[in-house]
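Have a look at the structure below, then the notes.
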Amino acid sequence: MGNAYLCQGQLLAAGGEVDFMIHGLFKYKLFGQEFYITTTHVSILIVMIILLVFAVIANRKMKNPDEIPRGFQNAVEMIVEMLDKMVHGSMGKYAGKFANYIGSIFLFIFVSNISGLFGLRPPTADYGVTLPLGIMTFAIIQYNNIRYNKFGALTGLFKPLPFLFPINLIGEIAVPFSLSLRLFGNILSGTVMMSLIYTLLAPIAIGWPGFLHIYFDIFSGAIQTYVFCMLTMVFVTDKLPGEA
């Protein structure tokens with residue numbers, strides 16, 4: 001199925017038609033199985049390099065307390081304050097335990113979402129990227145549920161009435177899929193729309209499609225990043241004891 005998916009994308013590209021597929025750049029064999037290095041892997045690598053360079057520069061700037069804060073340092077402090085306020089506003093007294101995770105996925109998802117501005121295919125337009133993000137969040141939710149609620153993590157599935165157990169169980173299992181599919185679907189739709197515009201309207205698509213990137217990449221990308229992180233905080237906080 002994976003090979004057919006890649007081949008279909010290559011045929012679309014070769015035929016000069018609309019191309020928004022994931023392409024296999026080269027393949028290799030491991031334990032008798034064929035694996036591909038795809039455009040998604042390259043995009044993720046570039047996004048991670050951007051974030052690592054940003055982190056290294058920001059760290060060096062913050063290590064000079066005697067230096068008067070200027071443009072870049074002010075921008076970094078503004079980003080940190082914004083993320084701290086977002087996490088504290090949703091998680092209250094538990095914010096300190098999850099601020100690093102929420103901040104990390106926020107930056108990764110946001111930069112991935114807007115990477116189309118740099119000519120990349122957004123990694124988050126690949127379900128193989130958004131599903132692991134959903135699974136990580138699901139693991140954190142269930143870990144804290146078991147850690148703080150102990151046996152109540154199981155008995156809670158039978159509340160408020162025992163016969164609601166199947167619905168409650170499905171609701172728990174659906175969390176990683178709902179998170180990942182929402183992010184994947186919205187970013188992929190933007191990628192498809194921009195591919196259609198640039199390909200089908202090529203003769204007149206000079207300059208003006210750039211304005212559409214403001215919505216499909218920046219605005220939509222920021223909204224989907226916020227929604228993913230906000231839902232993560234809501235789901236985790238719901239499993240924590242007491243009021244946040």
Side-chain angles (χ1 to χ4, degrees), residues 1-14 18-31 33-62 72 75-76 79-80 83 100-140 176 179-195 198 210 213 216-218 220-229 232:
M1 182 176 179
N3 291 349
Y5 184 60
L6 293 169
C7 290
Q8 184 182 359
Q10 291 165 351
L11 288 173
L12 283 169
V18 178
D19 178 25
F20 48 81
M21 307 293 286
I22 302 169
H23 299 293
L25 301 179
F26 63 88
K27 63 182 178 180
Y28 61 94
K29 284 190 175 183
L30 184 65
F31 303 118
Q33 299 294 322
E34 284 190 350
F35 295 92
Y36 281 86
I37 297 298
T38 69
T39 48
T40 297
H41 295 116
V42 174
S43 296
I44 290 177
L45 178 61
I46 294 174
V47 168
M48 294 305 299
I49 290 174
I50 291 173
L51 290 174
L52 285 173
V53 171
F54 175 81
V56 169
I57 296 175
N59 183 55
R60 289 185 177 180
K61 289 289 184 180
M62 296 300 178
F72 179 77
V76 172
I79 292 172
V80 172
L83 292 174
N100 288 340
Y101 175 70
I102 298 299
S104 297
I105 63 172
F106 186 97
L107 292 176
F108 173 76
I109 294 173
F110 179 69
V111 175
S112 295
N113 289 350
I114 67 171
S115 61
L117 294 172
F118 313 117
L120 300 176
R121 188 182 190 280
T124 41
D126 183 346
Y127 193 57
V129 174
T130 61
L131 180 59
L133 289 172
I135 291 174
M136 284 193 300
T137 291
F138 178 73
I140 291 175
L179 284 173
S180 58
L181 285 171
R182 181 184 290 106
L183 178 59
F184 164 71
N186 281 279
I187 302 305
L188 179 62
S189 63
T191 302
V192 172
M193 288 298 297
M194 293 309 300
S195 296
Y198 278 117
H213 282 291
F216 288 116
D217 288 325
I218 300 177
S220 180
I223 290 295
Q224 294 309 315
T225 302
Y226 178 79
V227 168
F228 188 97
C229 292
T232 295

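Throughout, numbering of the chain's residues begins at 1 and tracks the sequence. Note that these values count all heavy atoms, side chains included, but never hydrogens, waters or copies made by symmetry.
Atom CG of L45 is separated from atom CD1 of I49 by 4.0 Å, given to the nearest 0.5 angstrom. Between atom CE of residue M136 and atom CG of residue L179 there is a gap of 11.5 Å, rounded to the nearest 0.5 Å. The distance from the CG atom of D126 to the OG1 atom of T38 is 6.5 Å, given to the nearest 0.5 Å. L83 CG to N100 CG: the interatomic distance, rounded to the nearest 0.5 Å, is 10.5 Å. Put simply, CD1 on I140 and CD1 on I105 are 7.5 Å apart, with the number rounded to the nearest 0.5 Å.
Ring planes of F26 and Y28: tilted class, angle from 30 to 60°.
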Mind running side-chain contact (heavy atoms from CB on, under 4.5 Å) on I46 and F118 for me, showing each step along the way?
CA-CA 10 Å; I46 294 174; F118 313 117; over 6 Å; no
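Looking at N59, its side chain never comes within 3.5 Å of a backbone N or O of A55 through a donor-acceptor pair. Looking at T137, its side chain never comes within 3.5 Å of a backbone N or O of G134 through a donor-acceptor pair.
A125 and F184 make their closest contact through O-CE1, 3.2 Å (heavy atoms, listed as atom of the first residue, atom of the second, distance). H41 approaches Y36 most closely through the heavy-atom pair CE1-O, 3.3 Å. Nearest approach of T40 to R121, heavy atoms of both residues: OG1-NH1, 4.5 Å. For the residue pair L107 and I79, the shortest heavy atom distance occurs at CD2-CG2, 4.3 Å.
Two rings, from F110 and F228, have their centers 6.0 Å or more apart.
Counting heavy-atom neighbours within 6.0 Å of F35 CZ, excluding the residue itself, gives a total above 12.
No side-chain heavy atom of F54 sits less than 4.5 Å from a side-chain heavy atom of V111. Side chains of L133 and S180 form no contact here, defined as non-hydrogen atoms less than 4.5 Å apart.
The residue from L183, V129, V227 that alone fulfils the side-chain contact (heavy atoms from CB on, under 4.5 Å) condition with I109 is L183.
Listed by first and then second residue, the side chain to side chain donor-acceptor pair (under 3.5 Å) pairs involving residues 102-117 are N113-T124, N113-T225 (not counting sequence neighbours).
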